[in-house]
There are 2 protein chains.
Amino acid sequence: MSNADRALKLSGPVPVRVSSGQRVRVPKTAELVADALRRAIIQGELSPGDALPPESAMMEQFGVSRPTLREAIRVLESESLIVVRRGVHGGARVNAPDPKTAARYLGLILEYRNTNLSEMFDLVSSLEPPCARLLAERQSESDVERLREALAAEREAGTDPVAAAEAHAAFHATLVELTGNRAVITVSETVQCIFAEVGTQHAAGGDGPDFQKDHEAHLKVVRLIAAGKGAEAERHWQRHTALMARTSAASDGDSPLELLA
Amino acid sequence: MSNADRALKLSGPVPVRVSSGQRVRVPKTAELVADALRRAIIQGELSPGDALPPESAMMEQFGVSRPTLREAIRVLESESLIVVRRGVHGGARVNAPDPKTAARYLGLILEYRNTNLSEMFDLVSSLEPPCARLLAERQSESDVERLREALAAEREAGTDPVAAAEAHAAFHATLVELTGNRAVITVSETVQCIFAEVGTQHAAGGDGPDFQKDHEAHLKVVRLIAAGKGAEAERHWQRHTALMARTSAASDGDSPLELLA
DNA sequence: AGTTATTTGTTCGTATGTATG
DNA sequence: CCATACATACGAACAAATAAC
């Protein structure tokens with residue numbers, strides 16, 4: 001059976017070589033299989049938790065050999081779209097795509113480009129202030145309620161370094177999530193994943209004696225949002241996040257990311 | 001040869017199963033090989049264009065069989081870290097990690113979450129205004145010169161739709177690049193890659209009769225940057241990008257991304 | 001608690017296609 | 001046009017892990 005025959009079974013149009021001498025990227029069989037499975041997962045035909053057919057069934061379905069199928073399986077596994085377990089009721093199960101995967105690849109490029117922590121904080125300082133403004137302009141009561149809950153969680157965390165850092169990060173995440181903008185939310189989550197990778201000590205930005213000061217800044221932004229003062233909320237949050245960036249730069253913000261170490 | 005023995009050859013610490021009943025994710029051999037090669041590429045030991053050893057050599061080097069090695073190769077190829085060619089002087093060659101790869105995975109999640117174009121434009125509207133402010137505060141002569149070159153390119157593109165759209169996008173890219181913040185630059189490039197995927201007709205945002213208006217907005221931001229008026233430059237650029245977002249929403253900004261179609 | 005059946009993990013051998021020289 | 005070197009793909013086999021019985 002030729003490669004072209006197999007491609008027909010997988011994605012319809014056969015990758016034909018053009019007669020002119022032009023270079024043609026011939027899709028490998030395993031890639032076609034991986035693409036077909038990935039598409040089924042992303043478009044919701046397969047839901048998280050669903051089991052893929054056993055290897056033998058997929059071999060027949062796609063008309064490929066086991067090594068070829070396994071190459072495709074390994075690709076999807078590297079993308080965290082599936083997890084594979086051995087044993088009797090094992091096999092491949094679908095995973096929901098989550099920002100941690102995107103973070104891995106974005107982090108790869110950032111590390112390759114010698115990006116440092118300060119630049120990452122500046123990125124946060126770009127993303128979050130417009131969120132504060134949007135919430136203030138919308139002036140929704142339920143938004144304010146959610147933010148006040150996050151504030152309460154901060155107070156409850158008290159001075160325990162790790163709990164306070166978590167609550168601090170959760171407040172920032174809430175501020176972004178409430179906007180409902182899935183693009184901004186996803187990028188923000190991705191960035192936070194990278195922070196989590198590089199070490200929790202920087203994730204909160206204020207791993208010092210200024211938890212109290214941070215909490216006051218959070219209180220203030222909620223006050224401004226509740227009052228509908230968009231421009232002021234944005235400006236205030238811009239200053240707050242910029243301060244976090246400077247604080248990090250003072251410690252070791254100039255050292256490049258090392259995610260693969 | 002056991003899996004643990006092979007792991008030793010690859011990454012040192014052996015993935016030992018803990019005695020307690022806890023679930024342990026046992027790394028597969030192909031993953032370990034892929035990790036080792038990926039690390040060598042990202043950390044610069046292998047430069048773009050370099051050829052990896054032939055399969056037979058790598059099989060011996062890592063102590064794995066051909067199918068296992070090929071699983072690893074396929075993973076790296078799916079990440080665009082290498083390209084594999086057949087034939088006499090074929091083999092795997094190293095590719096520089098570029099934002100297009102991150103865009104694929106970020107786009108996957110965005111599509112899964114039913115993100116639409118409007119939300120993407122709002123993201124741009126978060127990222128770029130702080131760049132304008134930073135450039136104005138820095139007030140560098142060479143920055144202004146580069147921006148004026150981008151403006152000249154826009155004038156040169158004239159009214160040709162595709163050339164004008166390209167020049168328009170290039171101006172935005174220049175504005176971001178000049179800041180020198182690698183994190184913001186990389187995320188911005190990633191977002192632009194997604195726009196390019198979804199279709200060039202939206203990439204510029206102004207695929208209508210308002211190229212002239214856009215150009216005037218670009219002129220103004222350069223004027224404000226040259227004058228060192230940071231706050232005004234940021235506000236102006238915020239309005240400009242927000243206008244692009246609204247223009248897109250008016251056409252088909254509400255339709256979710258379809259990157260795998 | 002041990003056995004067993006099922007499923008994946010890994011390997012070997014072999015045949016084919018492709019591009020270079 | 002042929003020969004060579006390399007990746008591509010297949011099939012069969014054994015090993016290891018896991019859950020059910």
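Residue numbers start from 1 in every chain, and the chains themselves are labelled A, B, ... in the order their sequence lines are given, proteins ahead of strands.
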Chemist: Mind checking B:Gly90 for me? I need base, sugar-phosphate or nothing, with any heavy atom below 4.0 Å counting as a touch.
Modeler: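 Result for B:Gly90 = nothing.
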Chemist: Which sits closer to the 5' end of DNA chain D, A:Ser65 or A:His89, going by the nucleotide each is nearest to?
Modeler: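 It is A:Ser65, whose closest nucleotide lies nearer the 5' terminus.
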Chemist: Any heavy-atom pair between the side chains of B:Phe195 and B:Val124 that's under 4.5 Å?
Modeler: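 Side chain of B:Val124 against side chain of B:Phe195, heavy atoms only: contact under 4.5 Å found.
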Chemist: Using whole Å, report how far CE of B:Met59 lies from P of C:dT10.
Modeler: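 Atom-to-atom, B:Met59 to C:dT10, this comes out as 14 Å.
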Chemist: Among D:dT8, D:dG11, C:dG9, find the nucleotide with the atom closest to the side chain of A:Pro67.
Modeler: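 So the side chain of A:Pro67 is nearest to D:dG11.
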Chemist: Side chain of A:Val88: nearest nucleotide among D:dA9, C:dA5, D:dC10?
Modeler: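 Looking only at heavy atoms from C-beta outward on A:Val88, the closest nucleotide is C:dA5.
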Chemist: Does A:Arg74 reach the main-chain N or O of B:Arg70 with its side chain, forming a donor-acceptor pair under 3.5 Å?
Modeler: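 Checked: no pair found.
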Chemist: Between C1' on C:dG9 and CD1 on A:Ile73, what's the gap in Å once rounded to a whole number?
Modeler: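 Those two atoms, CD1 and C1', are 13 Å apart.
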Chemist: Salt bridge check: are A:Glu77 and B:Lys28 linked by an N-O gap of less than 4.0 Å?
Modeler: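 Yes, A:Glu77 and B:Lys28 are salt-bridged.
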Chemist: Atom CD of B:Glu71 and atom P of C:dT8: how far apart are they, to the nearest Å?
Modeler: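 Value for this atom pair: 13 Å.
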Chemist: Quick check for you: among C:dG17, C:dA5, D:dA17, whose closest atom lies nearest to any side-chain atom of B:Arg86?
Modeler: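 Closest nucleotide among those given: C:dG17.
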Chemist: Expressed as a whole number of angstroms, how long is the span from B:Ile82:CD1 to D:dC6:C1'?
Modeler: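 The answer, rounded to whole Å, is 14 Å.
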Chemist: Between the base of C:dG13 and the side chain of B:Arg66, is there a donor-acceptor distance below 3.5 Å?
Modeler: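 Counting by modelled atom types and ignoring angles, no donor-acceptor contact under 3.5 Å is found here.
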Chemist: Is the phosphate of D:dA7, meaning OP1 or OP2, less than 4.0 Å from a side-chain N or O of B:Arg85?
Modeler: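 Answer is no, no contact under 4.0 Å.
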Chemist: Nearest-Å distance, CG (B:Leu32) to P (C:dT10)?
Modeler: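 Rounding to the nearest Å, CG of B:Leu32 and P of C:dT10 are 9 Å apart.
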Chemist: Please give, in whole Å, the distance from C:dT11 P to B:Glu60 CD?
Modeler: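 So the CD-P distance, B:Glu60 to C:dT11, works out to 14 Å.
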Chemist: Counting N and O atoms only, with roles assigned by atom type, does the side chain of A:Glu111 sit under 3.5 Å from a partner on the main chain of A:Leu259, one being a donor and the other an acceptor?
Modeler: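 Checking the backbone N and O of A:Leu259 against the side chain of A:Glu111, a donor-acceptor pair under 3.5 Å is found.
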Chemist: Atom CG of B:Leu52 and atom P of D:dA7: how far apart are they, to the nearest Å?
Modeler: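 Those two atoms, CG and P, are 10 Å apart.
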Chemist: Specify the separation, in whole Å, of atom CD of A:Glu77 and atom P of C:dT8.
Modeler: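 These atoms are roughly 12 Å apart.
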Chemist: If you draw a 6.0 Å radius around CD in B:Gln43, do more than 12 non-hydrogen atoms from other residues or ligands fall strictly inside?
Modeler: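 More than 12 heavy atoms, drawn from other residues, nucleotides or ligands, come within 6.0 Å of this atom.
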Chemist: Regarding A:Glu55, tell me which of base, sugar-phosphate or nothing describes its non-hydrogen contacts under 4.0 Å with the strands shown.
Modeler: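 Sugar-phosphate contact only - A:Glu55 comes under 4.0 Å of backbone atoms but never of a base.
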Chemist: Do the side chains of A:Val176 and A:Leu127 get nearer than 4.5 Å, heavy atoms only?
Modeler: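 No, too far: nothing below the 4.5 Å cut-off.
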Chemist: Looking at B:Thr68, I'd like to know whether one of its side-chain N or O atoms comes within less than 4.0 Å of OP1 or OP2 on C:dT11.
Modeler: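 Yes.
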Chemist: What stem regions, each of at least 3 consecutive Watson-Crick or G-U pairs below 3.5 Å, can be found for DNA chain D?
Modeler: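 So the stems come out as C:2-21 with D:2-21.
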Chemist: Please check if the number of heavy atoms outside B:Arg113 that lie under 6.0 Å from its CZ is greater than 12.
Modeler: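 Atom CZ in B:Arg113 is packed in, count exceeds 12.
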